[in-house]
Number of protein chains: 2
Amino acid sequence: MNETRWLDAREMAAWTAFLDASHRVFRSVEQQLKDDAGLSHPQYEILVKLGAAGAAGIRMTELAESLITSKSGLTYQIGQLEKRGLVTRGACPTDVRGVTARLTESGRAALTEAAPGHVARVREALIDVLDRDQLDTLAQALGRVSDRLRDG
Amino acid sequence: MNETRWLDAREMAAWTAFLDASHRVFRSVEQQLKDDAGLSHPQYEILVKLGAAGAAGIRMTELAESLITSKSGLTYQIGQLEKRGLVTRGACPTDVRGVTARLTESGRAALTEAAPGHVARVREALIDVLDRDQLDTLAQALGRVSDRLRDG
DNA sequence: GGCTGGTTGTTCAAATTGGAATCACCGGCT
DNA sequence: AGCCGGTGATTCCAATTTGAACAACCAGCC
């Protein structure tokens, strides 16, 4: 049983800033999307991924992993979006069990409509607050963090 | 209506890394706490704040703000922790309406027990993955982001 | 062919969350 | 003292989240 290596001032500052900023940024983004587009952030992210996937759509499991959410949670949200006509479910060509989600025309329109306000808020909350070097360091550092956790 | 300033590659990289790392780090931390201490991350954060507050305790509203959560959510979680005997509610000396939450002995013990494993996971997921400069930049950049959102 | 371990997506129950409504109280003002 | 807008905390409700259980199916191997 090793002795605990507590966080020093520098490390604690980084951790609390990360915690605090994450909570605040997500809260801010959530608010904007809800108010201006009637979408939750998870829902918006689904639309973005589906938008990028094109006509072929994406498998549920793959989508869940890319969104870093649970499969059951995704099933629920896709259900919600399907009810609103923004998304359709289709059979997967290569696997009978598989389900592919696709954006409808209406869904693509909703995304197009929601995107500008969302980007503006992301700039306001995070991007435009940082300078070029900070952006690069952030991308590199947190990219590394993500990669480690994805593999580990 | 201004034209939308979309995110360029650098900005998009920072945003997606931030999104991705946040989801993954929180998920990892949540998992560790649940498995090893039977606490959710929000609950652990409550214990930490109460631990820092000492015998005087903290007012509910102040605690909610410092945790960046809703008041109703905090009421619920404090209720859960109270059931387990980790926290007590007391009257506020200066305001009859006020409620101050305090850590019990048992709560302090639970915190002491949970802390090492939690810190280890935070290191593993975030801190030890970064070098000194990255930590400093992260703290400075995200600190700035937090401050802006807190005031705005 | 038939078995077996792993995968896919959904369903289920339980826990959590946030916002609106509510009730009691504070503090300044008349 | 009495009024009034604002604050503190809880309650209530609807929406969401997660993991476990489940049923159907894939793929490699005997």
Side-chain angles (χ1 to χ4, degrees), chain A residues 22-24 26-35 37-46 49-50 57-84 87-102, chain B residues 22-24 26-47 50 57-84 86-102:
Chain A
S22 297
H23 286 144
R24 289 203 149 86
F26 288 141
R27 183 164 275 256
S28 174
V29 165
E30 188 81 37
Q31 198 60 56
Q32 184 278 322
L33 282 170
K34 199 73 90 184
D35 290 346
L39 293 168
S40 67
H41 191 207
Q43 289 172 340
Y44 180 84
E45 287 187 292
I46 290 174
K49 296 283 186 185
L50 291 184
I58 318 183
R59 295 283 294 269
M60 294 295 279
T61 295
E62 186 184 355
L63 186 51
E65 280 168 6
S66 109
L67 293 170
I68 314 168
T69 187
S70 64
K71 286 188 299 176
S72 55
L74 179 62
T75 294
Y76 174 78
Q77 285 298 356
I78 290 287
Q80 296 298 306
L81 294 172
E82 200 176 22
K83 272 189 203 166
R84 297 204 220 166
V87 162
T88 46
R89 272 188 247 239
C92 170
T94 63
D95 188 334
V96 180
R97 298 166 303 171
V99 171
T100 62
R102 280 196 326 295
Chain B
S22 297
H23 285 143
R24 289 203 148 87
F26 288 141
R27 185 165 273 259
S28 174
V29 166
E30 187 82 36
Q31 198 60 56
Q32 184 278 323
L33 282 171
K34 198 74 88 185
D35 290 347
D36 298 347
L39 293 168
S40 66
H41 191 206
Q43 288 173 340
Y44 180 83
E45 287 187 292
I46 290 174
L47 297 187
L50 291 183
I58 320 184
R59 296 282 294 268
M60 293 295 281
T61 295
E62 186 185 354
L63 186 52
E65 281 168 4
S66 107
L67 294 169
I68 314 168
T69 187
S70 65
K71 285 190 298 178
S72 56
L74 179 62
T75 294
Y76 173 77
Q77 284 298 357
I78 291 288
Q80 296 299 305
L81 294 172
E82 201 175 21
K83 271 189 204 167
R84 296 204 219 166
L86 306 183
V87 162
T88 46
R89 275 187 247 238
C92 171
T94 63
D95 189 334
V96 180
R97 297 166 302 173
V99 171
T100 63
R102 281 198 323 295

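So you know, we letter chains A, B, ... as the sequences are listed, proteins then strands, and number each from 1.
- Atoms NZ (Lys71(A)) and P (dG19(D)) sit 11 Å apart, rounded to a whole Å.
- When the side-chain nitrogen and oxygen atoms of Gln31(B) are compared with OP1 and OP2 of dT18(D), none of them lie within a distance under 4.0 Å.
- Using a 4.0 Å heavy-atom cutoff across all strands shown, Glu30(A) reaches no nucleic acid atom at all.
- Contact annotation: Arg97(A) side-chain N/O to dA23(D) OP1/OP2 distance is not under 4.0 Å.
- With rounding to whole Å, Ile68(B) atom CD1 is found 16 Å from dT17(C) atom C1'.
- Between Ser40(B) and Arg59(A), the one whose closest nucleotide on DNA chain C sits nearer the 5' end is Arg59(A).
- Between the OH atom of Tyr76(A) and the C1' atom of dA20(D) there is a distance of 20 Å, given to the nearest Å.
- Between Glu45(B) atom CD and dT16(C) atom C1' the separation is 15 Å, expressed in whole Å.
- Contact annotation: Thr69(A) side-chain N/O to dT18(D) OP1/OP2 distance is under 4.0 Å.
- Whole-Å rounding puts the Ile78(B) CD1 to dT11(D) C1' distance at 16 Å.
- Although no hydrogens or angles enter the test, the distance criterion places a donor-acceptor pair under 3.5 Å between the side chain of Glu30(A) and the main chain of His41(A).
- Rounded to whole angstrom, the span from the CD atom of Gln77(B) across to the C1' atom of dA14(C) amounts to 14 Å.
- At the heavy-atom level, Gly73(A) lies under 4.0 Å from base atoms of the strands shown.
- A sub-4.0 Å separation between OP1 or OP2 of dA9(D) and a side-chain N or O of Thr61(B) is present.
- Thr75(B) places a side-chain N or O within 3.5 Å of a backbone atom of Lys71(B) that can act as its donor or acceptor partner.
- Contact check, Arg89(B) against dA9(D): no side-chain N or O comes under 4.0 Å of OP1 or OP2.
- Atom-to-atom, CG of Leu74(A) to P of dT11(C) comes out at 13 Å; the value is rounded to the nearest Å.
- Across the interface with DNA chain D, nearest-nucleotide mapping of Ser70(A) and Asp95(B) shows Asp95(B) to be the residue nearer the 5′ end.
- The side chain of Ser72(A) lies closest to dT18(D) when the candidates are dT18(D), dG19(C), dT17(D).
- For Gln80(A) and dT16(D), the shortest distance from a side-chain N or O to OP1 or OP2 is below 4.0 Å.
- Taking atom CG of Leu81(B) as the reference point, atom C1' of dT16(C) lies 13 Å away to the nearest angstrom.
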